[in-house]
Structures are given as C-alpha cells and as structure tokens.
Amino acid sequence: MNNPHHLNPTSLKSRFTTRFLRALTKIRAQKPISSSSPTEIFRRYRRIKVAADKSMAYSVRSRRIWSRAMLWKLRSRSYRRQDPCSGRRSGKTNQAIMKKSSNENTTTRREDGVGFVEEADELRQLVPGGETMNLCNLLDETAHYIKCLTTQVQEMKKIADFYSF
C-alpha cells in the first residue's frame with residue numbers, strides 16, 4: 001500500500017482510504033466478536049460494508065446524485081435504529097435531499113427507443129437515487145458510480161494485502 005504521505009489529499013482514493021481506515025478502526029474498537037457464529041460474522045460484514053459505502057459517498061461529497069441518495073439512505077437507516085418508537089420523520093424528503101439544483105435532476109422519464117426502457121429501469125434500481133433520474137443523468141451517474149466502486153475495490157484490496165502478510 002502506498003505511504004499515506006505520498007497520496008494527493010484531494011484525490012478520491014486518498015479521501016476514501018483515510019475515511020475507510022478511520023471507520024475500520026472504530027469498528028475494531030467496538031466490542032470484539034465473542035464467537036464466530038454466522039450471525040456475528042454477518043453483523044461485522046454489514047458494519048464493514050456500511051463503512052465502505054459511507055466512506056465512498058462522503059469522499060465524493062454531495063456533488064453527485066448517487067452519493068446524496070446513499071448518504072440519505074444511511075442516515076435514515078441510522079435514525080430509525082436510534083429511535084424506532086418515535087415515528088417522527090425528518091422534514092426533508094428523499095427528493096429534497098437529492099435535488100441540489102433544479103436543472104441537475106429531473107424526474108422526466110424520456111427514453112429514445114423501446115428496448116432501453118426496461119434496461120434503464122433495471123439500472124435505476126442499481127444506482128442509488130437512480131429512480132428519479134432521466135436517462136442522460138442516469139448514464140452519467142452510473143459511469144461515475146462504477147468508477148467509484150472500482151476505486152473502492154482497488155483500495156480495499158490494497159488494505160487487505162497490506163494487513164495479510
């Protein structure tokens with residue numbers, strides 16, 4: 001793994017790696033796994049997955065629709081876990097959080113060609129926040145999301161290689 005001092009602190013890779021390592025440190029500091037039961041392993045897996053997703057979304061910041069949607073989803077999940085009985089909802093809706101500017105995100109669904117409708121709908125389900133995007137925004141956000149997922153996998157592999165002798 002590269003020395004953190006040689007990384008460009010403004011790069012997506014360094015922002016993700018720094019945040020993810022910090023999150024892993026917090027996970028490790030929590031109560032240790034007492035058993036290797038499938039339930040405990042799954043809980044730890046979920047904590048690591050959420051840490052990776054949150055680290056990547058925060059690294060991208062709120063510049064992208066998918067990162068805002070992912071952060072909203074993680075925050076609302078966290079809120080429900082902390083106070084499950086309140087029944088209160090935040091004043092902001094998913095669309096209000098995801099809409100940064102009126103021309104960046106439009107809910108118009110206009111696809112050119114019959115064959116693209118089903119594929120676009122499948123893609124909308126895969127990309128966070130994709131259900132509210134038109135085809136042009138969807139393709140742009142998908143390309144960026146794939147780039148970020150690739151970066152995430154590369155950096156996680158480097159971390160795993162570094163810690164496994």
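Residue numbers start at 1 and run along the sequence shown.
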I'd like to know if the side chain of R19 and the backbone of M56 have a donor-acceptor N/O pair within less than 3.5 Å. no
Interatomic spacing from CG in L21 to OG1 in T25 - rounded to 0.5 Å: 6.5 Å
Side chains of Q154 and T150: does their closest heavy-atom pair fall under 4.5 Å? yes
Here the gap from M156 atom CE to T17 atom OG1, rounded to the nearest 0.5 Å, amounts to 10.5 Å
Using only atom types and a distance under 3.5 Å, with no angle test, would you say the side chain of S67 pairs donor to acceptor with the backbone of R64? yes
Is Y58 linked to V153 within one hydrophobic cluster, defined over Ile, Leu, Val, Met, Phe, Trp and Tyr using a side-chain heavy-atom separation of less than 4.5 Å? no
Cluster check W66, L123: I/L/V/M/F/W/Y, side chain < 4.5 angstrom: yes
Could you list the residues that satisfy side-chain contact (heavy atoms from CB on, under 4.5 Å) with L149, not counting sequence neighbours? Y145, Q152
CZ/R68 to CZ/R61 distance, rounded to the nearest 0.5 angstrom? 14.0 Å
Tell me whether the rings of F20 and F16 are parallel (<30°), tilted (30 to 60°) or perpendicular (>60°). parallel
Run the numbers on S14 and S11 for side chain to side chain donor-acceptor pair (under 3.5 Å), then give the verdict. CA-CA 5 Å; S14 67; S11 76; 3.1 Å; yes
Same cluster or not: are L71 and V60 linked, directly or through other Ile, Leu, Val, Met, Phe, Trp or Tyr residues, by side-chain heavy atoms under 4.5 angstrom apart? no
Heavy-atom pair with the smallest gap, counting every atom of S59 and L12: CB-CD1, 3.8 Å
Cluster overlap F162 with L24, hydrophobic side-chain contacts below 4.5 Å: yes
M70 side, atom CE; C148 side, atom SG - distance, nearest 0.5 Å: 9.5 Å
From CA spacing to verdict: salt bridge (Lys or Arg N to Asp or Glu O under 4.0 Å), D121, R124: CA-CA 5 Å; D121 286 341; R124 282 186 177 94; 3.1 Å; yes
When rounded to the nearest 0.5 angstrom, what is the spacing between CZ in R22 and CD1 in I27? 13.5 Å
Donor-acceptor under 3.5 Å (E141 side chain, I65 main chain): yes
Salt-bridged, K49 to D53, with N to O below 4.0 Å? yes
Considering residues at least two apart in sequence or located in another chain, which fulfil the side-chain contact (heavy atoms from CB on, under 4.5 Å) criterion with R43? T39, E40, R47
From OG1 (T18) to CD (E155), nearest 0.5 Å: 9.5 Å
Heavy-atom pair with the smallest gap, counting every atom of A69 and P128: CB-C, 3.6 Å
same_hphob_cluster(Y45, V50) at 4.5 Å side-chain heavy-atom cutoff: no
